[in-house]
Structure formats: structure tokens, C-alpha cells
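These figures come from a predicted structure and were not determined experimentally. Here is how names work: the chains are called A, B, and so on, in the same order as the sequence lines, proteins then strands, and each is numbered from 1.
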Protein chains: 2
Amino acid sequence: MTHPSDSRAYFFKIDTTIKKIRNVLQKRFNDAGFDLTVDQWVLIDHVARNQGISQNTLAELTTKDAPTVTRILDLLVKKGLVERRMSEEDRRKFNIFLMPEGEKTFETVLPVVKEIRRQGWGELNEEDYEHFVRIMDSIYQNFSN
Amino acid sequence: MTHPSDSRAYFFKIDTTIKKIRNVLQKRFNDAGFDLTVDQWVLIDHVARNQGISQNTLAELTTKDAPTVTRILDLLVKKGLVERRMSEEDRRKFNIFLMPEGEKTFETVLPVVKEIRRQGWGELNEEDYEHFVRIMDSIYQNFSN
DNA sequence: TTGTATTAATTTGCAAACGAATAGTTAGTA
DNA sequence: TACTAACTATTCGTTTGCAAATTAATACAA
């Protein structure tokens with residue numbers, strides 16, 4: 001066997017796996033009648049846990065870029081799930097808050113997401129998790145210099 | 001510590017890692033003056049290894065959907081890298097071939113991609129690779145029923 | 001043979017990713 | 001104070017993903 005780094009496998013496997021996860025999440029959302037994309041959910045999740053967060057911080061936490069966050073928030077605002085309030089200290093910033101409807105969405109969707117996470121992890125154990133984190137972090141680090 | 005499946009970590013880690021890889025690849029392409037996106041490269045790579053392949057098969061191999069393949073091929077055709085020939089047996093199908101310019105692109109880009117793959121895998125070893133494949137496949141399988 | 005169901009590829013619309021450029025605000029410095 | 005640099009968010013253009021609908025060709029069954 002050739003050295004693993006010489007095959008397309010690892011890029012491809014990561015790509016395929018994340019697509020699968022996103023796909024399952026989205027289908028489950030649709031079936032449950034949630035009018036929500038996966039990326040919109042990710043933002044709601046972060047706002048729920050960090051009320052008043054700025055767009056920049058949101059971008060960091062989700063590894064999305066600023067324009068992407070702006071546009072997803074536009075959609076969430078239009079749906080009445082989220083609110084932009086101008087920051088008191090710095091008028092360049094917005095503080096992002098969940099609206100009551102957004103809270104309700106968060107409470108409704110969270111259990112479904114948790115269930116999907118559990119399903120995906122299945123019978124894998126703590127040790128697997130440690131391997132997983134170590135390998136992913138290592139790849140990430142190898143590309144960060 | 002809570003059960004790993006209960007945290008957002010694994011979805012998030014996979015997402016972050018694949019973004020990083022794509023990002024590095026694209027930047028390296030741009031720096032090298034390749035007028036090529038990562039996904040365009042993925043298609044070229046598959047066509048190079050399977051001259052005459054159909055669009056459907058291409059979609060399967062890359063886990064992209066048919067419209068996406070159509071659009072990426074449109075771009076590659078416009079760039080003169082790839083050619084659609086109508087199939088002899090089935091006139092609904094196209095057989096996809098690399099044009100001379102496409103061959104040249106393939107030969108030029110491949111070494112760069114191989115170098116990036118090596119960099120990403122770094123000091124990880126065979127055993128790590130087996131863990132990696134097992135865990136990713138497991139997650140994928142857990143979502144395929 | 002006719003009709004129905006599949007299949008291959010395309011088109012369209014919406015969501016998202018990324019980069020470059022821009023406007024407005026704030027901070028730091030000469 | 002005035003100038004410059006840095007920061008926050010937005011806009012724009014190009015590319016990709018997914019779903020639904022469409023067109024054209026093929027396969028199968030009555």
C-alpha cells in the first residue's frame with residue numbers, strides 16, 4: 001500500500017462525510033417542517049448561547065466569513081427569529097439577539113439535532129473520539145503555517 | 001466529560017477541517033496562477049483517470065449532484081480543458097474527454113496537489129489512517145439507514 | 001405497437017462560500 | 001488637532017449545492 005497521504009482518500013472522505021451529515025440534518029429539518037437551513041441553525045445555536053454576540057465573533061465561532069454571516073442574519077431577521085441592536089459602546093457593531101420566535105425555534109430544533117448527533121456517533125467510544133480529535137486537529141495544524 | 005456525541009464538536013471539527021483544506025488548496029492554486037477552483041480540479045482529476053466517463057458516473061464519484069456537474073463542465077468546456085462527445089450507444093449520454101490543454105493542466109497541477117496532501121497528513125502514520133477511515137466510515141454508515 | 005416508466009442531462013431558483021472593494025466608525029499617533 | 005491605520009459590516013461577482021421541473025432518449029410491459 002502507498003503512503004496514505006499519496007491517495008486522494010482523506011480529502012475525499014472528509015468531504016463525503018460532512019456532506020452526508022449536512023444532508024441528513026437538512027432532510028430531517030424539512031421532514032419536521034422546520035423552515036431552516038443547516039447554516040441558519042448553526043447561527044441560531046451560537047446566538048442562543050451567546051446573546052448579544054457581535055457578527056465578527058459569530059463569524060469566528062462558525063468559521064464563516066463576514067459577508068456570509070451578514071447574509072444569513074439578513075434571512076433570520078426577515079424570518080423574525082433574530083434581531084440586530086446597535087452596540088452602545090461601538091456604533092460599528094451590532095449585538096445580535098434571539099427574538100421570542102427564535103427562542104421557540106431553538107427549543108424545538110435542539111432536541112432533533114441532539115438526536116442526529118447521537119445517531120451519527122453511534123457505537124464509537126471515548127477512545128475513538130480522542131483519535132478523531134487528534135487526527136483532525138493535526139491536519140488542521142499542518143495547514144496553519 | 002459528557003458523551004462526545006452530545007457536543008457539537010464532531011460536526012464542527014469536520015466542517016472546519018474540510019474548509020481549511022479547501023482554502024489552502026485554492027490559495028495555492030491562485031498563487032501558482034492556476035485559473036481553477038478546487039471543484040473544477042476534482043472533476044479534471046476524475047476525467048483524466050477515466051477518459052470518456054459519463055456525467056452521471058462523474059457525479060457519483062465526486063458525490064456531486066447532476067446539475068453541479070453540468071455547470072462545472074460548462075465552465076471547463078468554456079476554458080477549453082474538456083470536451084463533451086455524444087455517446088454512440090446512448091444519445092442521452094455524453095462521454096467526457098480531456099482536451100490537450102486539459103492534459104497539460106492536469107500534469108501541471110497534480111504535483112502541487114500531491115505536495116499539499118503530504119503536507120496535510122504530516123507525521124500521521126498508517127495506524128492513524130486506519131482509525132481515521134474507520135471512524136469516518138462509521139459516521140457515514142450510521143447515517144445511511 | 002402503443003403506452004408507461006426510467007434514465008441522462010439541463011434549467012431555474014434559492015442558499016451559501018469566498019474574495020475584493022467600499023462606507024462608516026473608532027483608535028492611535030504625530 | 002489632524003492624519004493615518006484598523007475595524008465592522010455591507011455590497012458585488014463568481015462558484016457550488018440542493019430541489020423541483022423539463023426535455024429527450026431508452027427500456028419495459030400490456
Side-chain angles (χ1 to χ4, degrees), chain A residues 15-16 18-31 34-44 52-60 62-79 81-82 84-96, chain B residues 15-31 34-44 52-79 81-82 84-96:
Chain A
D15 200 53
T16 304
I18 193 65
K19 270 186 197 162
K20 185 71 175 185
I21 298 175
R22 286 179 163 275
N23 206 262
V24 168
L25 273 166
Q26 189 63 60
K27 283 221 170 81
R28 211 75 60 99
F29 282 9
N30 296 344
D31 292 351
F34 303 153
D35 175 26
L36 211 59
T37 68
V38 172
D39 294 284
Q40 287 167 18
W41 161 254
V42 170
L43 251 65
I44 288 180
I53 193 174
S54 75
Q55 297 193 186
N56 258 350
T57 312
L58 217 36
E60 263 180 52
T62 58
T63 61
K64 299 181 186 304
D65 64 358
T68 300
V69 170
T70 294
R71 236 169 328 178
I72 297 178
L73 285 182
D74 286 347
L75 290 168
L76 293 178
V77 168
K78 201 179 297 174
K79 289 182 185 176
L81 303 179
V82 140
R84 279 183 175 106
R85 297 193 208 143
M86 188 185 271
S87 164
E88 309 269 324
E89 321 90 54
D90 188 337
R91 287 187 310 180
R92 292 170 303 181
K93 285 190 186 175
F94 288 115
N95 298 118
I96 312 297
Chain B
D15 199 54
T16 304
T17 307
I18 193 65
K19 270 186 196 161
K20 185 70 175 185
I21 297 175
R22 286 180 163 276
N23 205 262
V24 168
L25 273 166
Q26 190 61 61
K27 283 222 172 79
R28 211 77 59 99
F29 282 9
N30 296 345
D31 291 350
F34 303 154
D35 174 26
L36 213 57
T37 68
V38 172
D39 295 283
Q40 287 165 18
W41 161 253
V42 170
L43 251 65
I44 287 180
I53 193 174
S54 74
Q55 295 193 188
N56 260 348
T57 311
L58 216 37
E60 264 179 51
L61 292 181
T62 57
T63 61
K64 297 182 186 306
D65 63 359
T68 301
V69 170
T70 294
R71 251 175 310 189
I72 297 177
L73 284 182
D74 286 347
L75 290 169
L76 293 178
V77 168
K78 201 179 296 175
K79 289 182 185 176
L81 302 178
V82 140
R84 277 182 177 106
R85 297 191 209 143
M86 187 185 272
S87 164
E88 309 267 325
E89 322 90 52
D90 188 336
R91 288 186 309 179
R92 291 170 303 183
K93 287 188 185 176
F94 288 115
N95 299 118
I96 313 297

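Phosphate contact (OP1/OP2 of D/dT15, side-chain N/O of B/Arg22, threshold under 4.0 Å): absent. Taking 4.0 angstrom as the limit, B/Thr68 places a side-chain polar atom (N or O) nearer than this to OP1 or OP2 of D/dG17. Applying the 4.0 Å criterion to OP1 and OP2 of D/dC7, one finds that A/Gln55 has every side-chain N and O outside that range. Considering only side-chain N and O atoms, A/Thr70 lies under 4.0 angstrom from the phosphate OP1 or OP2 of D/dT10. Distances shorter than 4.0 Å separate none of the side-chain N or O atoms of A/Lys19 from OP1 or OP2 on D/dC18. Contact between the side-chain N/O atoms of A/Asn30 and the OP1/OP2 oxygens of D/dC18 is not found at any separation under 4.0 Å. Side-chain N/O atoms of B/Asn56 include one lying less than 4.0 angstrom from OP1 or OP2 on C/dA9.
Per the geometry, CG belonging to B/Leu25 stands 16 Å off C1' belonging to D/dT15, to the nearest Å. For A/Leu75 and C/dG13, the CG to C1' distance is 14 Å, given to the nearest whole Å. Rounded to whole Å, the distance from CZ on A/Arg84 to C1' on D/dT8 is 12 Å. At whole-Å resolution of the value, CG in B/Leu43 and P in D/dT16 are 9 Å apart. Protein atom CZ of A/Arg91 is 22 Å distant from nucleotide atom P of D/dA6, rounded to whole Å. At whole-Å resolution of the value, CE in A/Met86 and P in C/dG24 are 13 Å apart. The distance between atom CG of B/Asp31 and atom P of C/dC18, rounded to the nearest whole Å, is 17 Å. If you take CG of A/Asp74 and P of C/dA17, they are 14 Å apart, rounded to a whole angstrom.
In terms of position on DNA chain D, the residue among A/Asn23 and A/Ala66 whose nearest nucleotide sits closer to the 5' end is A/Ala66. Nearest-nucleotide mapping onto DNA chain C: of A/Glu89 and A/Arg71, the residue sitting toward the 5' end is A/Arg71.
Side-chain atoms of A/Ile96 and A/Leu43, non-hydrogen and from C-beta on, never get closer than 4.5 Å to each other. Counting heavy atoms from C-beta outward, B/Lys64 and B/Leu58 have side chains that stay 4.5 Å or more apart. The shortest distance between side-chain heavy atoms of A/Arg28 and A/Val38 does not fall below 4.5 Å.
Checked by atom type, the side-chain pair B/Asp65/B/Thr68 shows a donor-acceptor distance below 3.5 Å.
Nearest to the side chain of A/Phe94, among D/dA9, D/dG17, C/dC18, sits D/dA9. Set against D/dT15, D/dT11, D/dT8, the side chain of A/Lys93 has D/dT8 as its closest nucleotide. Of the candidates C/dG19, D/dA25, C/dT26, the closest approach to any side-chain atom of B/Arg92 belongs to D/dA25. Taking the side chain of B/Asp39 as heavy atoms from C-beta on, and the options C/dT10, D/dT16, C/dA15, the nearest nucleotide is D/dT16. For B/Pro67, the listed nucleotide lying nearest its side chain is D/dA20; candidates were C/dA17, D/dT16, D/dA20. Distances were taken from every side-chain heavy atom of B/Ser54 (C-beta onward) to each of D/dT16, C/dA9, C/dT10; the shortest belongs to C/dA9.
Among the atoms of the strands shown, none is found under 4.0 Å from any heavy atom of A/Gln26. B/Asp65 comes within 4.0 angstrom of a nucleotide base, judged by non-hydrogen atoms across all strands.
If you run side-chain contact (heavy atoms from CB on, under 4.5 Å) between B/Ile72 and each of B/Leu76, B/Val69, B/Thr70, only B/Leu76 comes through.
The pair B/Asp15-B/Lys19 meets the salt-bridge criterion, since a charged nitrogen lies less than 4.0 angstrom from a carboxylate oxygen.
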